[in-house]
Number of protein chains: 2
Amino acid sequence: MAIKTKATEAPALPLNDILSGDCIEVMRSLPDASIDLIFADPPYNLQLKGELHRPDNSKVDAVDDHWDQFSSFAAYDTFTRAWLAEARRLLKPNGAIWVIGSYHNIFRVGASMQDAGFWLLNDVVWRKSNPMPNFRGKRFTNAHETMIWASKSENSRYTFNYDALKALNEGTQMRSDWLLPLCTGHERLKDANGEKAHPTQKPESLLHRVLIGSTNPGDVVLDPFFGTGTTGAVAKMLGRNFIGIEREEAYRKVAAKRIARVRTFDASALETAGSKRAEPRIPFGHLVERGLLRPGEVLVSPRGTTAKIRADGTLAGDSVAGSIHQVGAAYEKAPSCNGWTYWHFRRDGKTIPIDSLRQQVRAEMNN
Amino acid sequence: MAIKTKATEAPALPLNDILSGDCIEVMRSLPDASIDLIFADPPYNLQLKGELHRPDNSKVDAVDDHWDQFSSFAAYDTFTRAWLAEARRLLKPNGAIWVIGSYHNIFRVGASMQDAGFWLLNDVVWRKSNPMPNFRGKRFTNAHETMIWASKSENSRYTFNYDALKALNEGTQMRSDWLLPLCTGHERLKDANGEKAHPTQKPESLLHRVLIGSTNPGDVVLDPFFGTGTTGAVAKMLGRNFIGIEREEAYRKVAAKRIARVRTFDASALETAGSKRAEPRIPFGHLVERGLLRPGEVLVSPRGTTAKIRADGTLAGDSVAGSIHQVGAAYEKAPSCNGWTYWHFRRDGKTIPIDSLRQQVRAEMNN
DNA sequence: CTCCGGCGTGAATCCGGAG
DNA sequence: TCTCCGGATTCACGCCGGA
C-alpha cells in the first residue's frame with residue numbers, strides 16, 4: 001500500500017534556490033500563505049513599450065502621444081496588478097512586502113498595492129550618498145529611490161524589530177530616510193567582459209537593513225525579480241531562507257555563483273537587541289506570593305501618594321482599587337499607566353521601583 | 001448698444017487675491033492657459049482610528065478635520081482627478097505643478113497625474129529635521145513628505161533656475177532630498193484662542209525653494225488649497241503674483257492678514273534653514289550594514305579585552321551586550337565611554353581604531 | 001543679563017495575548 | 001471572533017520661568 005500524502009500538506013517550498021521563468025507563472029506554482037517577506041525590485045515602465053494592448057486585449061496601432069502614453073501606463077498597471085496579486089496570495093497572514101522604485105513607476109505601484117488590499121506601513125526613502133548628477137542641469141539630481149513597506153492586510157501583525165533598528169541607528173529610532181551609498185567597487189558584480197553584470201544592482205547595505213528590521217532568522221524571503229541576487233546573498237548572511245525568481249539565465253548564473261561564496265554569520269552574531277515586549281510576563285501577584293512584597297505593605301508613587309498591597313496582588317488606594325496599572329492610571333487621571341515603573345517600595349530607608357523585583361524574578365527564571 | 005467683450009479676450013485674472021469656494025468650481029471660473037505654476041497641498045486622506053498618546057500620556061492633536069475625510073480610495077481618486085484636470089487646463093503650455101503628500105495619498109495622486117498627461121520631472125523628498133517620533137515603536141519615524149514636480153506635458157519648456165538652486169546649495173547641484181524643519185515657533189500662525197490656526201501649515205522655507213527654483217519674478221502662482229497662505233506669503237516676498245483658493249473662511253481671514261504684513265524683498269534673499277550642520281552622526285551599525293566590519297568579528301579594547309559584533313550593530317561582551325559605548329563603559333566600570341576610540345579591529349596583523357572607519361564613511365558622504 | 005531645565009508639540013493610517 | 005486589560009512606547013526644538 002502506497003503512502004499517501006495528506007491533501008492538506010503543503011508542497012515543499014524550494015528554499016534557497018533560484019527558480020527560472022516568468023515571475024508571475026513561477027509564483028503561481030508556489031503555495032498560498034507560505035512566505036514571510038517579499039522584496040521586489042520590479043522593472044520600470046520603460047521596458048514594456050512594444051507590447052501595448054488595450055484592456056480588452058486589442059492591439060494598439062500607432063497613435064498620438066497622449067493615447068500611447070496612457071496605453072503604456074495601462075499595460076504597466078496590468079502587469080503590476082498581476083504580480084502583486086500573486087505576491088499577496090503567497091504571503092502568510094502576518095507577512096509583509098517591500099517594493100522599490102523611482103518616480104517613473106512607484107506611484108502606479110503604490111496605488112496598485114493599496115487597491116490590492118496591502119496596508120501601507122511606511123514609505124522609506126533611500127538617499128544615495130553618491131548619486132549620478134543631472135548632467136544637463138534641467139532637473140534636480142535624482143538622489144533617491146522610494147521603497148514601500150506594506151503588510152498583507154490592515155490587521156496583519158507584521159514583524160518589526162524596533163530595538164534592533166534603534167541599535168543600528170545608535171540609540172534613536174530609525175527614520176524613514178536612509179542614507180546609503182550606491183553599489184560600487186568590489187561589491188558590484190562584473191560579467192565575463194568586465195562590464196557590470198546588472199544595470200541596477202542594489203547595495204547589500206539596503207537589504208541588510210530591510211531584513212534585520214522586518215524578518216527573523218529562519219524566515220522565508222521571496223524576491224520575484226531576483227537579478228544578481230542581492231536579496232539572496234544578504235538573506236544567507238543573516239540566516240534567513242530565500243527564494244529567487246529570475247527569467248534571465250545570465251543573471252541566475254551570476255547570482256548562484258555569488259551566493260555560493262556567502263557564509264552565514266554565527267548564530268551569536270545574529271542575535272539582536274532584545275525587546276521588552278518579548279520578555280515573559282510576570283504578574284504583580286507573583287511578587288506577593290513569593291514574599292518579595294508583603295500584603296499590607298504600602299507602595300509609593302512619584303508624587304508621594306500611596307496604595308496598599310492586598311493579598312491577591314491588587315492595590316487598594318484612595319477610593320479606588322485594582323491592578324497596579326489601574327490604580328496608577330486613576331491617580332494620574334491618565335488613560336493608562338505602567339504600574340511597574342510608577343510604584344515604589346521602601347527598604348532600609350531607600351525607595352526602589354517595583355520593576356527591580358520583576359527583573360529579579362525574571363533572572364531567576366532564566367537559571 | 002452695450003459694449004461687447006470680445007470672445008477671444010481672456011477675462012482678467014484675480015491676481016494676489018484669495019478666492020472663496022470649492023477649488024474645483026473656482027478653478028472652472030478661471031481662463032485656460034493662464035497660470036505659470038501651481039502649488040497644491042491637497043487633503044492627505046489620513047485614515048486615523050482611535051486616539052494616540054505619547055509615552056508621557058499626553059494626547060496627540062491629530063488631523064481629524066472634516067475636509068480630510070473621504071469614504072474610500074475611489075472617492076479620493078474621483079476628487080483628485082477632478083481638481084487635477086482643472087489644474088492642467090489652467091496651466092500655460094510651459095507651466096508646471098508641485099503637489100505635496102504623504103504615503104497615504106501621494107501614490108494615488110502621482111498615478112492620477114501621469115494619467116492626466118502631466119510629465120513627471122522629479123519627486124522631491126522633504127526630509128523633516130524635527131519630525132514627530134513613532135510613539136508606539138511599531139514603524140519607522142515618518143520623517144518625510146513627498147513632493148511631485150511635473151510639467152503640463154512632455155514637451156513643456158518648464159522653468160528651472162538651475163544656478164539659483166545651485167547657489168542655495170553651497171555650489172553643488174540641488175538634490176531631490178531637502179532637509180528643512182517643520183513650521184513651528186513664531187512662524188506658526190495661531191488663532192484667537194492661541195491654538196494653531198491650521199493643522200498642517202507648511203514652512204516658508206519649503207515654498208521659498210520651490211518658487212526660487214521653478215518661477216521667475218512676475219509669474220502667476222496658483223494654490224488651490226490655500227490654507228493659511230504660505231504660498232501667497234512667499235510669492236509676495238519673492239515678487240511673484242499669487243492666486244489662492246480656500247473654502248474655509250477662518251483660513252482665508254488668517255491668510256489675508258498674514259500676507260498683508262509681508263513685504264516684498266528687493267532682490268536676493270537667502271534661505272536660513274538647513275544650511276550648515278555639524279559633522280553627520282554615523283551610527284556604528286552603518287559600518288556593519290556596509291560590510292566594513294562583519295557580524296561575528298571581534299573588537300579589542302586597549303586592555304586587550306574583547307567583544308563580538310552582532311548584525312544589528314550591538315556588541316556582545318562578557319555578560320553584557322549593548323552599544324559600543326555601553327559595553328565599553330561596562331568593561332571600564334565607568335559611567336560612560338567613547339566606543340569609537342575605545343574599540344579596535346584587526347586587519348593584516350594591525351590593530352586599528354574603529355574611528356578610522358567612521359572617518360572613511362564621513363568622507364564618502366561629503367562627496 | 002545669561003544659562004539651564006522643564007514643558008509643549010508636530011499631516012499618525014502606532015498593541016497584542018489571554019480567555 | 002470578540003472583549004478585556006496588561007503594560008510598552010518619543011525626537012528635535014522653541015519657549016518660558018527661575019536661578
Side-chain angles (χ1 to χ4, degrees), chain A residues 94 114 118-123 149-151 154-158 160 162-163 166 169 171-176 275-285 313-314 322-329 334-343 354-355 358, chain B residues 41-65 67-70 73 100-106 126 128-146 179 181-188 190 194-196 198-203 225 227 273:
Chain A
N94 293 332
Q114 290 181 308
F118 286 104
W119 189 246
L120 304 196
L121 298 168
N122 278 113
D123 59 337
W149 176 42
S151 60
E154 182 173 353
N155 33 20
S156 296
R157 292 196 300 275
Y158 54 90
F160 184 60
Y162 177 79
D163 295 282
K166 192 170 173 177
N169 200 34
T172 52
Q173 63 178 210
M174 187 69 80
R175 297 171 37 121
S176 58
S275 91
K276 283 193 191 173
R277 288 187 242 255
E279 302 260 323
R281 228 178 82 183
I282 310 290
F284 176 71
T314 59
S323 72
I324 53 173
H325 314 292
Q326 289 167 336
V327 177
S336 71
C337 171
N338 184 341
W340 289 106
T341 54
Y342 184 75
W343 294 109
I354 59 173
D355 203 30
R358 182 170 64 160
Chain B
D41 182 11
Y44 286 10
N45 190 25
L46 301 184
Q47 295 145 66
L48 306 176
K49 299 289 191 307
E51 295 185 341
L52 180 65
H53 293 87
R54 298 185 178 81
D56 66 4
N57 271 324
S58 63
K59 190 166 157 245
V60 174
D61 184 14
V63 178
D64 52 5
D65 304 71
W67 48 255
D68 198 44
Q69 313 291 327
F70 292 84
F73 284 138
I100 183 167
S102 68
Y103 68 88
H104 311 85
N105 71 324
I106 199 65
W126 169 28
K128 303 177 184 182
S129 57
N130 51 347
M132 196 183 336
N134 184 289
F135 295 117
R136 305 299 293 267
K138 302 308 291 182
R139 302 185 178 191
F140 298 97
T141 306
N142 202 349
H144 74 277
E145 295 187 24
T146 301
L179 180 65
L182 295 171
C183 179
T184 59
H186 290 305
E187 188 185 325
R188 189 82 191 213
K190 304 290 195 298
E195 306 289 319
K196 58 188 174 191
H198 191 283
T200 70
Q201 186 183 340
K202 295 293 174 289
F225 306 96

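Within every chain, numbering begins at 1; the chains are lettered A, B, ... in the order of the sequence lines, protein sequences first and strands thereafter.
A distance of 8.0 Å separates CH2 in A:Trp343 from SG in A:Cys337, rounded to the nearest 0.5 Å.
Listed nucleotides C:dA12, D:dC13, D:dC11 differ in distance to B:Asn130; the shortest reach to its side chain belongs to D:dC13. Listed candidates were C:dA11, C:dA12, D:dA8. Nearest to the side chain of B:Ala62 is C:dA12. For A:Asp163, the listed nucleotide lying nearest its side chain is D:dT9; candidates were D:dT9, C:dG16, D:dC13. Each of D:dA8, C:dA12, D:dT10 was ranked by its minimum atom distance to the side chain of B:Val60; first place goes to C:dA12. If you check C:dA12, C:dT9, C:dA11 against the side chain of B:Asp56, the one that comes closest is C:dT9. Residue A:Arg281 places its side chain closer to D:dG7 than to any other of D:dG7, C:dG10, C:dT9. When distances are taken from the side chain of B:Phe135 to each of C:dG16, D:dC11, D:dG7, the shortest belongs to D:dC11.
In terms of phosphate contacts, A:Arg277 brings no side-chain nitrogen or oxygen within less than 4.0 Å of OP1 or OP2 of D:dA8. Put simply, B:Lys138 has a side-chain N or O that comes within less than 4.0 Å of OP1 or OP2 on C:dG16. Residue B:Ser129 places no side-chain N or O under 4.0 Å from the OP1 or OP2 atom of D:dA12. At the phosphate of D:dA8, OP1 or OP2 sits under 4.0 Å from a side-chain N or O atom of A:Asn338. The phosphate of C:dC15 (OP1 or OP2) has no side-chain N or O of A:Tyr162 nearer than 4.0 angstrom. Phosphate contact (OP1/OP2 of D:dG7, side-chain N/O of A:His325, threshold under 4.0 Å): present. Listed pair B:Arg139 / D:dT10 fails the phosphate criterion, with no side-chain N or O lying under 4.0 Å from OP1 or OP2. At least one side-chain nitrogen or oxygen of B:His186 sits closer than 4.0 Å to the OP1 or OP2 atom of D:dC15. An OP1 or OP2 oxygen of C:dC14 is reached within less than 4.0 angstrom by no side-chain nitrogen or oxygen of B:Lys49.
No salt bridge links B:Glu195 with B:Lys190; every basic N to acidic carboxylate O contact stays at or beyond 4.0 Å.
A donor-acceptor contact shorter than 3.5 Å links the side chain of B:Asn134 to the backbone of B:Gly137. Using a distance-only test at 3.5 Å, with no hydrogens or angles considered, a donor-acceptor pair links the side chain of B:Gln47 to the main chain of B:Asn45.
Base contact: B:Asp41 has a heavy atom under 4.0 Å from a base atom. Using a 4.0 Å heavy-atom distance criterion, B:Gly101 is classed as making no nucleic acid contact. Among the atoms of the strands shown, base atoms are found under 4.0 Å from some heavy atom of B:Thr200.
Using N1 to N3 plus N6-O4 or O6-N4 for Watson-Crick, or N1-O2 and O6-N3 for G-U wobble, each under 3.5 Å, D:dG18 pairs with C:dC3. Pairing of C:dC14, defined by two Watson-Crick or G-U wobble distances under 3.5 Å, is not identified with any nucleotide.
Side-chain to base pairing of B:Lys202 with C:dA11: one donor and one acceptor N or O lie within less than 3.5 Å of each other. With hydrogens and angles ignored, no donor-acceptor pair under 3.5 angstrom links the side chain of A:Arg157 to the base of C:dG17. Put simply, the side chain of B:Ser102 and the base of C:dA12 share no donor and acceptor less than 3.5 Å apart.
Comparing the P positions of C:dG10 and D:dA8 gives a spacing of 28 Å, expressed to the nearest Å. On the C1' atoms, C:dG6 is 16 Å away from D:dT10, given to the nearest whole Å. Distance noted for atom P between D:dC5 and C:dA11: 36 Å (whole Å). The gap from the P atom of D:dA12 to that of C:dC14 amounts to 23 Å, rounded to the nearest Å.
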